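Structure first, then comments.
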Amino acid sequence: MLWLTDRHYFLLAVIVYGLSTIYSLFLWRKGFRLHDHANYALLLIGFGLQMKAMLMRGLLHGQCPVNNLYEAVVFVDATIAGICLFVGLWPRLRYIGAFTAPILFAIGVFALMPALDTHTAKPQFNIDLVSLHAALTLLSYGAFGLSSVAAVMYLTQEHNLKFHKLRAVFSVMPPMDRLEKIINRLLWAGFILLTTGLAFIPLLLKGRPEEHLANDPKVIWSGLVWALYLALLILHGRFNQSGRRFAWGAVGTFAFVLLTFWGINLLSPTHQF
């Protein structure tokens with residue numbers, strides 16, 4: 001199938017994620033009472049197709065495929081899928097895929113918009129340090145995304161305990177205290193990755209005095225995201241802001257990232273990923 005391009009492979013991955021989303025709806029209705037392997041297999045197939053697409057695009061540019069908004073969104077999507085599959089190796093955490101599939105499908109559909117995959121005369125990233133900065137920040141968004149998935153699982157368990165007590169008893173999802181620990185650890189992982197990625201900015205601006213941090217909407221937005229997650233972690237660690245409010249904070253903050261990421265990139269004169 002030499003005629004298939006990287007976008008064709010990614011389209012196939014999104015279709016598989018869509019099938020996983022449909023299957024996940026049935027899992028939600030059943031109440032997660034049995035360990036399930038079919039949904040995990042679907043996500044694994046979709047992830048394999050997506051990695052094939054990213055590999056083809058990377059070989060085309062000869063570097064990390066984060067040269068425009070399409071490639072950046074695909075990178076985040078793959079990060080969330082990869083972490084989900086790794087976490088799903090533990091049977092009690094396998095149902096995280098049922099919560100992750102709709103996010104992967106929605107992000108994938110958005111990424112397939114033709115306007116996002118713009119091409120320039122040469123790749124926008126031609127310095128390894130810039131690629132590392134982009135990869136670290138995008139990986140952090142993936143960790144934040146999966147923390148929001150774990151938060152949705154927490155809120156689902158809480159809802160079941162209040163209104164469907166038998167469903168909560170027979171559910172094979174992790175207990176709520178373990179889910180809270182997962183949310184916290186994923187948030188810390190994402191925060192460390194984001195902090196490391198942002199720390200490269202002063203190094204990237206050396207020798208480029210014409211660019212000013214205060215004038216770049218993406219840098220301002222990144223600082224705001226960093227501050228929001230820092231506040232969320234401080235509230236949880238220092239002020240015992242846990243449970244339902246902590247879960248909603250993880251969901252709400254990532255929703256803000258997801259809804260504003262593409263618009264900020266379009267406004268930024270230097271960031272088009």
Side-chain angles (χ1 to χ4, degrees), residues 10-29 32 36 38-51 53-54 66 69-89 93-113 116 137-157 159 173-174 179 182-183 185-187 189-190 193-194 225 228-229 232 246-265:
F10 181 63
L11 174 61
L12 291 174
V14 173
I15 292 173
V16 175
Y17 289 150
L19 294 175
S20 176
T21 299
I22 295 173
Y23 186 78
S24 297
L25 296 177
F26 292 99
L27 295 180
W28 279 55
R29 289 180 62 85
F32 305 102
D36 184 80
N39 200 42
Y40 186 88
L42 284 172
L43 290 176
L44 185 61
I45 293 171
F47 180 70
L49 291 168
Q50 189 168 359
M51 291 305 296
M54 293 178 63
V66 284
L69 189 54
Y70 161 76
E71 294 173 5
V73 173
V74 171
F75 192 100
V76 173
D77 204 38
T79 301
I80 296 175
I83 299 175
C84 171
L85 290 170
F86 176 75
V87 172
L89 293 174
L93 296 176
R94 188 161 294 152
Y95 272 110
I96 196 171
F99 296 84
T100 308
I103 295 177
L104 296 176
F105 178 65
I107 294 176
V109 171
F110 171 72
L112 287 171
M113 295 175 61
L116 302 185
T137 53
L138 293 175
L139 284 171
S140 73
Y141 301 146
F144 291 145
L146 203 58
S147 72
S148 71
V149 172
V152 172
M153 293 177 67
Y154 179 97
L155 295 170
T156 301
Q157 283 282 64
H159 180 270
M173 286 195 297
L179 284 171
I182 292 172
I183 297 168
R185 290 171 183 174
L186 285 170
L187 285 176
L193 286 168
L194 181 61
V225 171
L228 287 174
Y229 278 108
L232 185 60
F246 183 53
W248 274 117
V251 172
T253 307
F254 184 69
F256 168 78
V257 172
L258 205 59
L259 293 173
T260 57
F261 177 81
W262 64 276
I264 291 295
N265 276 279

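By convention here, the first residue in the shown sequence is residue 1. Keep in mind that this is a model prediction, so the values were computed, not measured. Both backbone and side-chain heavy atoms feed into the values below; hydrogens, waters and symmetry mates do not.
The distance from the CD1 atom of I182 to the CG atom of L146 is 9.0 Å, given to the nearest 0.5 Å. The CD1 atom of I103 sits 7.5 Å away from atom CG of L258, with the distance rounded to the nearest 0.5 Å. Note: N39 CG to T21 OG1 = 8.0 Å, rounded to the nearest 0.5 Å. In this structure, the separation between CE on M54 and CZ on F47 is 8.0 Å, given to the nearest 0.5 Å. To the nearest 0.5 angstrom, C84 atom SG is 5.5 Å from I96 atom CD1. Taking CG from L104 and OG from S24, the interatomic distance works out to 9.5 Å, rounded to the nearest 0.5 Å.
In terms of heavy-atom proximity, S140 sits nearest to G190 at CB-O, 3.1 Å. Nearest heavy atom pair, residue I183 against residue A250, reads CG2-CB, 4.1 Å. Here the closest non-hydrogen pair linking A101 and L43 is CB-CD2, 4.2 Å.
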ask   = Going through the distances and angles, do V149 and L186 end up as a side-chain contact (heavy atoms from CB on, under 4.5 Å)?
value = CA-CA 10 Å; V149 172; L186 285 170; over 6 Å; no

request  = Carefully, step by step, assess L138 and T79 under the rule side-chain contact (heavy atoms from CB on, under 4.5 Å).
outcome  = CA-CA 8 Å; L138 293 175; T79 301; 5.8 Å; no

task = With side-chain contact (heavy atoms from CB on, under 4.5 Å) as the test, would you mind laying out the steps for Q50 and Y17 before giving the verdict?
result = CA-CA 10 Å; Q50 189 168 359; Y17 289 150; 2.8 Å; yes

query = Given the rule in the side-chain contact (heavy atoms from CB on, under 4.5 Å) test, do I80 and I107 qualify, once you have shown the distances and angles that lead to the verdict?
reply = CA-CA 10 Å; I80 296 175; I107 294 176; 4.1 Å; yes

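The backbone N or O of G145 lies less than 3.5 Å from a partner atom in the side chain of S148, making a donor-acceptor pair. When atom types are taken as modelled, the side chain of S20 and the backbone of V16 share no donor-acceptor pair closer than 3.5 angstrom. No donor-acceptor pair under 3.5 Å is formed between the side chain of Y40 and the backbone N or O of G97.
Among the candidates F75, Y141, F256, the single residue satisfying the ring-ring contact (aromatic ring centres under 6.0 Å, His included) test with F261 is Y141. Paired with T137 under the rule side chain to side chain contact (heavy atoms under 4.5 Å, CB included), one option of L193, L194, V76 passes, and it is L194. When L12, I15, L44 are each tested for a side chain to side chain contact (heavy atoms under 4.5 Å, CB included) with L49, only one passes: L12.
For F246, the ring-ring contact (aromatic ring centres under 6.0 Å, His included) partners two or more places apart in sequence, or in a different chain, are H236. Annotation: ring-ring contact (aromatic ring centres under 6.0 Å, His included) contacts of F144 (sequence neighbours excluded): Y229.
You'll find the side chain of L228 stays beyond 4.5 Å of the side chain of V257, heavy atoms only.
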